[in-house]
Amino acid sequence: MTPRQGARLVVAITPADTGKRVTTRRVAPGGFRDAVGVLESWKDGVLAVRKRDGTLVEIAEETLVAARVVPAR
């Protein structure tokens, strides 16, 4: 049996990615939470991601475990 390698979690976005579509994963009570949408702002350690359904998710920067820019839908 071949050992299985885990996924490498990397935060690969910066405030310069504002306006781009991103996917994020953050630590939350009970596990992880994901959000995919447009990064509307990144100010004072809080990211604001507008999801497809129009809801705005605010994410504390210190809770991010992975994030990257993804192609537009």
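This one's a predicted model, so the numbers in the text were calculated from it and none came from an experiment. Here, residue 1 is the first one in the sequence, and each next residue gets the next number.
In this structure, Ala48 and Leu56 approach most closely via the heavy-atom pair CB-CD1, 3.8 Å. The minimum heavy-atom distance between Ile59 and Thr24, with the atom names listed, is CD1-OG1, 3.5 Å.
Ile13 places a side-chain heavy atom less than 4.5 Å from the side chain of Leu47. In this structure, Val22 and Val36 have side chains that are not in contact, with every pair of non-hydrogen atoms separated by 4.5 Å or more. Using a 4.5 Å heavy-atom cutoff, the side chains of Arg21 and Val69 are not in contact.
Listed by first then second residue, pairs satisfying salt bridge (Lys or Arg N to Asp or Glu O under 4.0 Å) with a partner in residues 23-47 read Arg25-Asp34, Glu40-Arg50, not counting sequence neighbours. The stretch residues 56-72 participates, sequence neighbours left out, in these side chain to side chain donor-acceptor pair (under 3.5 Å) pairs: Trp42-Glu61.
Hydrophobic clustering, defined by side-chain heavy atoms of Ile, Leu, Val, Met, Phe, Trp and Tyr closer than 4.5 Å, leaves Val70 isolated from every other such residue. If you chain together ILVMFWY residues whose side-chain heavy atoms come under 4.5 Å of each other, Val38 ends up in a group of its own.
A search for side chain to side chain contact (heavy atoms under 4.5 Å, CB included) contacts involving Thr14 returns Ala16, Asp17, not counting sequence neighbours.
Linking ILVMFWY residues whenever their side-chain heavy atoms come closer than 4.5 Å, directly or via other members, leaves Val57 and Val27 in distinct clusters.
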